[in-house]
Amino acid sequence: MDKQFDVIIIGSGAGGGTLARHLAPSGKSILILERGDWLKREALNWNATAVFPENRYVSPDTWYDRNGQPFQPQVHYFVGGATKMFGAALFRLRREDFGEVRHYDGISPAWPITYEDLEPYYTKAEQMYYVHGLRGQDPTEPPASGPYPCPPLSHEPRIQQLFDDIAAAGYHPFPAPSAIMLDESNMAYSTCIRCQTCDGFPCLVHAKSDAEVIAVRPALEFPNVTLVRNAQALRLETNPAGTSVTSVVAEVEGEQDVFRGDIIVVSCGAANSAKLLLMSANDKHPNGLANGSDQIGRNYMFHNSQAVLAISIEPNPTMFQKTIALNDFYFGIDGFDFPMGNIQMMGKSLGPMFRGEKPIETALLPMRLLDEIAYHAVDFWLTTEDLPDPNNRVTVDRSGRLTLSYTPNNQVPAKKLYEKLKSMLGHLGMHPEHLIPRHAYMKTEIPIAGCAHQTGTCRFGRDPRTSVLDVNCKAHELDNLYVVDTSFFVSIGAVNPSLTAIANALRVGDHLLERLA
């Protein structure tokens, strides 16, 4: 293999995979280094016991919390990154999220770009990832330059009833933006079969719009794009002056190898991108590569999220449940003038999930009882913004041991959002006293293990003293190093970060195409 490339992209998820696809038609030589392999297509992709209690697709990594206690993070090292297991909910941040927002526990700072700067790329991202949705029903919806590329997903009967009941109560439910390749008008030719194993599962039929299917595989159709799997980047090396990165040292199939590139893009996820830069310290960058500001690893965010199971009075035989969202409380309610966040549906509960999430509490319960609970369950996902805190951070020691020090903040709005949902349930055909919080998709009870929405750690900005990256996501201190994943976020908002990561990858991609021209 020719080990000199025009662009090396480390990581193939929402950021790196999308960027590779965007750059592929340029003809420039592009190398994707992916720490994992293809996620194996097998019947167990759809087996709830394998996916949840057995954690079959959770990668065997160990991180440490602020007290030095080890935990297994819910990370997925595959081609396509975290998107292989995501729920495919692709929301735009609200327009207001790009400005300074006052929260109960402090200030969410303004971004160095506006919503209008990113809007064209949101539209392109929605088109690229086949997002289903409908404009005009969400009162917090930011302006858009066009409709969703795909029609909204239909609601199954129990969820249609829920939608109608929420609307009748005076709220504004709207179709959740879903990135799946479903053609309900012609199911005989639809890639998606609208199954019950989407949110939190890998898609056996490649119908979920994940970065492998949408970005990496199409990029590899271009002869100038190369993918090396099972390649874990260990460190980045620079020229003697420390002004540019010259090579990536990686472990490939157990052997060290060196890849040289003109432009280096780090897209490893917020925690691991920070780790790689910190592990790349040298004489010119003693505190970590591009870390003269001492900001790398700081301001880690991952949302104050709650997975909530409500017991329905009537059965809920829904297959694809994730079709409703609600933002009426995103910016607060009467009597509480602080943002609270987003409510959306989750994938449908299945009995084995409870065994995985609460192994001790459910050990003596027969599976048929857990299945019966799941059959009457309606599942909600509540998201409240956590605020950037420089002390919530990723650090590494010389051996590469990653410590994630995190102290929760902005908890009162999360509690208010939960209480608001609970107060609504009696009017929505639920048992209001049967609202059960869950640690969804977590075998461990450590909250920070659920890092699917991780952001921050390499924030972008205009001032090199307070940020790691410039507005194009290039490191302030190196002329050819970029970070293109969720690390660049200044704040996290209260919706899933994937679409913003995808849109930003397209934005940075346009910048790189100009630079490479």
Side-chain angles (χ1 to χ4, degrees), residues 14-15 18 87-103 107-153 167 171-179 209 301 303 322-333 337-345 381-388 413 417 453 455 459-460 471 473 486 488-508 510:
T18 301
L90 294 191
F91 290 84
R92 298 183 180 206
L93 285 172
R94 309 296 91 179
R95 187 181 202 172
E96 293 86 345
D97 288 328
F98 288 81
E100 185 176 283
V101 180
R102 182 169 167 260
H103 287 262
I107 298 295
S108 178
W111 289 40
I113 62 173
T114 66
Y115 171 79
E116 285 70 22
D117 293 326
L118 200 57
E119 196 285 326
Y121 297 103
Y122 271 136
T123 297
K124 291 177 180 178
E126 289 165 347
Q127 293 168 347
M128 181 177 179
Y129 277 75
Y130 301 98
V131 181
H132 295 254
L134 182 66
R135 311 278 188 216
Q137 294 193 6
D138 172 11
T140 72
E141 181 179 68
S145 52
Y148 280 101
C150 303
L153 303 181
Y171 303 110
H172 303 85
F174 61 95
S178 299
S209 296
M301 299 164 283
H303 277 144
K322 201 175 175 72
T323 58
I324 298 178
L326 187 70
N327 276 337
D328 288 55
F329 322 119
Y330 197 92
F331 295 114
I333 56 175
D337 296 328
F338 299 100
M340 289 163 55
N342 167 268
I343 298 174
Q344 58 183 282
M345 309 305 295
W381 181 262
L382 281 58
T383 303
T384 298
E385 184 167 353
D386 61 334
L387 305 179
L417 188 61
H453 290 189
T455 68
R459 57 165 38 171
F460 77 150
V471 293
C473 291
T486 54
F488 83 102
F489 278 49
V490 173
S491 63
I492 194 172
V495 291
N496 313 49
S498 298
L499 187 70
T500 300
I502 293 165
N504 184 65
L506 296 173
R507 184 183 72 92
V508 176
D510 275 357

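The shown structure was predicted, so the numbers you read here are calculated from the model rather than taken from an experiment.
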Val508 and Phe488: CA distance, side-chain angles, deciding distance, side chain to side chain contact (heavy atoms under 4.5 Å, CB included) verdict: CA-CA 12 Å; Val508 176; Phe488 83 102; over 6 Å; no

Test side-chain hydrogen bond (donor to acceptor under 3.5 Å, both in side chains) on Tyr330 and Asp138; report intermediate values, then the result. CA-CA 11 Å; Tyr330 197 92; Asp138 172 11; over 6 Å; no

Using the side chain to side chain contact (heavy atoms under 4.5 Å, CB included) rule, take Leu326 and Gln344 through it: C-alpha gap first, then chi angles, then the decisive distance, then the call. CA-CA 6 Å; Leu326 187 70; Gln344 58 183 282; over 6 Å; no

Please test Val101 against Ser491 for side chain to side chain contact (heavy atoms under 4.5 Å, CB included), starting from the C-alpha separation and ending with a verdict. CA-CA 10 Å; Val101 180; Ser491 63; over 6 Å; no

Closest approach of Gly15 to Ala505 (non-hydrogen atoms, all atoms of both residues): O-CB, 3.5 Å

Is there a side chain to side chain contact (heavy atoms under 4.5 Å, CB included) between Tyr121 and Ile502 once you walk through the steps? CA-CA 8 Å; Tyr121 297 103; Ile502 293 165; over 6 Å; no

Closest approach of Arg95 to Pro142 (non-hydrogen atoms, all atoms of both residues): N-CB, 3.8 Å

Could you tell me which non-hydrogen atom of Gln137 sits nearest to which non-hydrogen atom of Pro173, and how far apart they are? OE1-O, 3.5 Å

Pairwise side-chain contact, Leu499 with Tyr122, heavy-atom cut-off 4.5 Å (strictly under): yes

Side chain of His453, backbone of Ser498: donor and acceptor closer than 3.5 Å? no

Distance check, rounded to the nearest 0.5 Å: Leu506 atom CG versus Lys124 atom NZ? 7.5 Å

For a side-chain contact (heavy atoms from CB on, under 4.5 Å) with Ile492, tell me which candidate from Asp97, Thr383, Leu93, Asp386 qualifies. Asp386

Would you give the length of the straight line joining atom OH of Tyr171 to atom CD1 of Ile343, rounded to the nearest 0.5 angstrom? 9.0 Å

Test the Arg135-Tyr148 pair against the cation-pi criterion, namely NZ or CZ under 6.0 angstrom from the six-membered ring centroid and within 45° of the ring axis. yes

Taking Arg92's backbone N and O only, do any of them form a donor-acceptor pair with Tyr115's side chain (distance below 3.5 Å, no angle check)? no

For Ala176, is there any backbone N or O sitting under 3.5 Å from a side-chain donor or acceptor partner on Ser178? yes

Measure from the side-chain N and O atoms of Thr384 to the backbone N and O of Met340, and report whether any donor-acceptor pair falls under 3.5 Å. yes

Could you tell me if the side chain of Glu141 sits less than 4.5 Å from the side chain of Phe174, heavy atoms only? no

Are the side chains of Ser108 and Glu385 in contact, using a 4.5 Å heavy-atom criterion? yes

Closest heavy-atom pair and its distance - Phe98, Leu118: CZ-CD2, 3.9 Å

For the pair His132 (side chain) and Pro177 (backbone), establish whether a donor and an acceptor sit closer than 3.5 Å, ignoring hydrogens and angles. no

Closer than 3.5 angstrom, by distance alone: can the side chain of Asp117 be matched with the main-chain N or O of Thr114 as a donor-acceptor pair? yes

For the residue pair Leu90 and Tyr129, what are the closest heavy atoms and their distance? CD1-CB, 3.9 Å

Determine, step by step, whether Thr123 and Glu119 satisfy the side-chain hydrogen bond (donor to acceptor under 3.5 Å, both in side chains) criterion, reporting the C-alpha distance in whole Å, the side-chain angles of both residues, the deciding distance to 0.1 Å, and the verdict. CA-CA 6 Å; Thr123 297; Glu119 196 285 326; 2.9 Å; yes

pair Cys473-Arg507: side-chain heavy atoms closer than 4.5 Å: yes

When you measure from the side chain of Asn496 to the backbone N and O of Phe91, does any donor-acceptor pair fall under 3.5 Å? no

From OG (Ser209) to CD (Glu126), nearest 0.5 Å: 12.0 Å

Tell me whether the count of non-hydrogen atoms from other residues, nucleotides or ligands lying under 6.0 Å of CZ in Phe489 goes above 12. yes

Indicate the atoms forming the closest heavy-atom contact of Asn327 with Gly341, along with that distance. OD1-O, 4.5 Å

